[in-house]
Amino acid sequence: MYYSVIGLLAVLTLLIVNQDILLSPEASYNKPAWKVYRRFLFAVLIYYITDIMWGIIESKKLSKVLFVDTSIYFVAMAAGIALWAEYTVAYLNEKNAFGYFLFYAGRIFAVVITALVFINIFIPVLFTIDKDCVYHELPIRNISLICQIILLLTISVYCLSSMIVSDVDRAKRARFRILASFGIIMAICLFVQLWFPYLPVYSIAYMLGTCMLHTFVAYDEREDTRREQEETKKIAELRDRFLSLLNNLPGMTFTKDAETGVYLACNQAFAEYANKKNPEGVVGLTDAEIFDAETAAHFVADDKTALSLSKPYIFFEDVADAAGNKRQIQTTKLKYTDTAGRLCVLGIGQDVTDMVRIQHEQAMTQEAYEKAVSSGLMYTNIAQTLARDYLDLYYVNTDTEEFIQYRKDEKSGVFSEVRRGWHFFSDCKLELAEEVYAADRDSFLAAMKRKTLMKALELKDTFLMTYRQIGESEPFYVNMKISRMEDKHYIIMGIMNVDTDMRENMVMYELSSPINTIIELGTTALKNNDLDSETRECLEKIGENASSMLSIINER
């Protein structure tokens, strides 16, 4: 009966230690590996029950009942080995050939043992129970136990090799070692069981191993799951707060991934503008997937401009609403980095159509307004023509440092307002300096000091400076022209690409320099009165040809 007492203690230990996995696995162990482990524990439980019953039946000398119990004992043992192999492969989560081999090896072993148990009913191949209720093991029984030992050791080696090869943290490596130790302990105890079949060594090994697994692996996994659930809950709460913030911001709001252009969130107003029923219809799409090609390209260009600036990018544009009516929108775009380290773009669009209309109505009568519009169009055409060669123009109030930036569209060549801002001689100057070639940056910053520039404009109403800007492949030359307007509180700064002219002039200079040297040397040589007539004639022709070449270069 002492044999059954060990098994009873093992059952109680299993139920007490693993009650969370057996009774409520969905709460903390809702993962494929732990679902397999739960089935493994039930197989161990069945093995314990057969082991307990074996001691009781053997003491009562019920040979036929003992035969049935022993048969179930072998099947439960084989099922435990198969489920242990399946659990180990699932826990390590390494989809490789050796893992599949262990998975199917365990199942094949369980099927073979079950078949041998069935055959043993008719032909003794594993064990026999005589009339005196004495258990006799047969050679195939020993072979099957040796195969189990080999399989358990192989699983342990697989755990250790995965620990060495895989890039896992310290806690995970400790869990891998526990898995390997379980297999080694089971193999050692099974080896002892091989020689002493009447000792409950295998039950003791199961009891020790399952306690180790729950203490050092299952408990840690449950804590990891709890932390993951808490983090997921916090992320969901933050997402809800963020969406609530977007929905309560005035106008249309959205945010997108700067690298991929995928929308991460938006409010209902933007969803309606994008012809979607709700924000969920926008999330996960790009501009190209929502809008026509021209509109999408325009939005992408605005994003690039916002990403290149250190301050919010504010601009005005005419946008058609859901009904097709033209509305004037003030758009603000700025870059930010989210908690995951991802660079994003936040956009806020406010409808200022009515505000602009009211300002115009208050400022002038209808007749004056029409005249102003007519004059404005005329001056706009003149300004567009004069500014045709410029890349960027800045209209600056030198008293308040308020500025308006105009930029030329690459396709149409038309200048349009792109943003308004403050602090031209501080923030905007530094933004411009970021585009200046490193070797010219100090000169640029020195020239753009407010006092220096205003003093230069007092002497002469125009200030010119040539420097290099950073290009895609190499620096290129630009000419900066700053002019004071009739109202001396305002200046206009234009930046023009002169790279081609500068490089041509440099080439012409490089050509003219050696030709001048030739002419000077020829003139000096002709002053020598001892030259023969033939040499003098050659020198005169060289001088004439060099002068002709120099004239051609100077004309260019």
Side-chain angles (χ1 to χ4, degrees), residues 252-264 286-288 291 294-317 319 329-338 340-349 387 390-396 401-445 447-448 465 467-480 482 493-499:
M252 299 182 295
T253 56
F254 62 87
T255 181
K256 62 173 75 171
D257 188 314
E259 182 178 354
T260 63
V262 171
Y263 282 91
L264 303 175
T286 62
D287 288 316
F291 306 103
E294 183 178 354
T295 303
H298 175 63
F299 287 166
V300 171
D302 291 340
D303 292 344
K304 290 181 178 179
T305 302
L307 291 168
S308 67
L309 302 176
S310 58
K311 298 290 182 180
Y313 175 40
I314 303 173
F315 58 95
F316 296 84
E317 57 185 341
V319 174
I329 304 297
Q330 176 184 318
T331 301
T332 302
K333 288 189 175 183
L334 66 149
K335 61 183 178 182
Y336 72 95
T337 303
D338 64 9
R342 175 175 51 186
L343 185 63
C344 302
V345 176
L346 174 66
I348 303 173
Y390 287 98
L391 300 175
D392 288 282
L393 285 173
Y394 293 84
Y395 178 72
V396 184
E401 294 194 37
E402 182 182 4
F403 69 90
I404 304 174
Q405 180 184 358
Y406 300 89
R407 179 167 292 170
K408 182 173 67 175
D409 183 83
E410 295 182 358
K411 293 183 178 180
S412 64
V414 176
F415 268 83
S416 59
E417 180 182 323
V418 293
R419 64 163 171 162
R420 296 176 180 235
W422 301 84
H423 311 297
F424 177 79
F425 290 103
S426 55
D427 295 348
C428 186
K429 178 182 72 175
L430 295 177
E431 290 176 7
L432 292 171
E434 292 177 1
E435 300 178 1
V436 177
Y437 186 57
D440 299 340
R441 193 168 295 156
D442 291 340
S443 300
F444 174 83
L445 290 172
M448 288 297 290
M465 180 180 182
Y467 60 90
R468 288 167 290 180
Q469 279 193 3
I470 300 171
E472 293 182 0
S473 57
E474 61 179 353
F476 62 94
Y477 286 92
V478 297
N479 187 291
M480 179 177 67
I482 302 176
M493 184 181 84
I495 299 174
M496 181 188 302
N497 188 336
V498 294
D499 190 67

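Being a predicted model, the structure only gives us computed values, none of them experimental.
The closest side-chain heavy-atom distance from V396 to I482 is not below 4.5 Å. Within the 4.5 Å cutoff, the side chain of M448 has heavy atoms near those of the M493 side chain. Residues S443 and M465 have side chains in contact (heavy-atom distance under 4.5 Å, counting atoms from C-beta outward). Residues K256 and D303 are in side-chain contact: their nearest non-hydrogen atoms beyond the backbone lie under 4.5 Å apart. R420 places a side-chain heavy atom less than 4.5 Å from the side chain of I404. Counting only heavy atoms from C-beta outward, the side chains of Q330 and I314 approach each other to under 4.5 Å.
Under the 3.5 Å distance criterion, with hydrogens and angles disregarded, no donor-acceptor pair is assigned to the side chains of S308 and Y313.
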Given the rule in the side-chain contact (heavy atoms from CB on, under 4.5 Å) test, do E259 and L343 qualify, once you have shown the distances and angles that lead to the verdict? CA-CA 7 Å; E259 182 178 354; L343 185 63; over 6 Å; no
Run the side-chain contact (heavy atoms from CB on, under 4.5 Å) check on D392 and R407 step by step: do they pass? CA-CA 5 Å; D392 288 282; R407 179 167 292 170; 2.9 Å; yes
What verdict does the side-chain contact (heavy atoms from CB on, under 4.5 Å) test give for I495 and Q469, after you've listed the backbone C-alpha separation in whole Å, the side-chain angles of each residue and the deciding distance to 0.1 Å? CA-CA 10 Å; I495 299 174; Q469 279 193 3; 3.8 Å; yes
Candidate pair Y406 and Y395, rule ring-ring contact (aromatic ring centres under 6.0 Å, His included), full reasoning: CA-CA 8 Å; Y406 300 89; Y395 178 72; 7.5 Å; no
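A donor-acceptor pair under 3.5 Å is formed between the side chain of R441 and the backbone N or O of V436. Judged purely by atom type and a 3.5 angstrom limit, T286 has no side-chain atom pairing as donor or acceptor with the backbone of V262.
For the atom pair CG of L432 and CG of L445, the computed distance is 9.5 Å after rounding to the nearest 0.5 Å. Taking NZ of K304 as the reference point, atom CG of D302 lies at 11.5 Å (rounded to 0.5 Å). Rounded to the nearest 0.5 angstrom, Y467 OH and N479 CG are separated by 9.0 Å. Rounding to the nearest 0.5 angstrom, the gap separating the CG atom in L309 from the CD atom in Q405 is 7.5 Å. Atom CD1 of I470 and atom CZ of F476 lie 9.5 Å apart (nearest 0.5 Å). Rounded to the nearest 0.5 angstrom, L264 CG and L346 CG are separated by 10.5 Å.
Minimum interatomic distance between A258 and V345 (heavy atoms only, all atoms of both residues): CB-CG2, 4.2 Å. Contact detail for F444 and M480: the closest heavy-atom pair is CE1-SD, 3.8 Å. Annotation for L334 and P312: closest pair CB-CA, 4.1 Å, computed over non-hydrogen atoms. Here the closest non-hydrogen pair linking R468 and P475 is CB-CB, 4.2 Å. Closest heavy-atom contact between D338 and C344: OD2-SG, 3.9 Å. Here the shortest heavy-atom pairing between K333 and F299 reads NZ-O, 3.5 Å.
Between Y394 and F403, the two ring planes are tilted [angle within 30° to 60°].
Taking a 6.0 Å sphere around NZ of K335, one finds it holds more than 12 heavy atoms contributed by other residues, nucleotides or ligands. Heavy-atom contacts from other residues, nucleotides or ligands closer than 6.0 Å to OH of Y437 number 12 or fewer.
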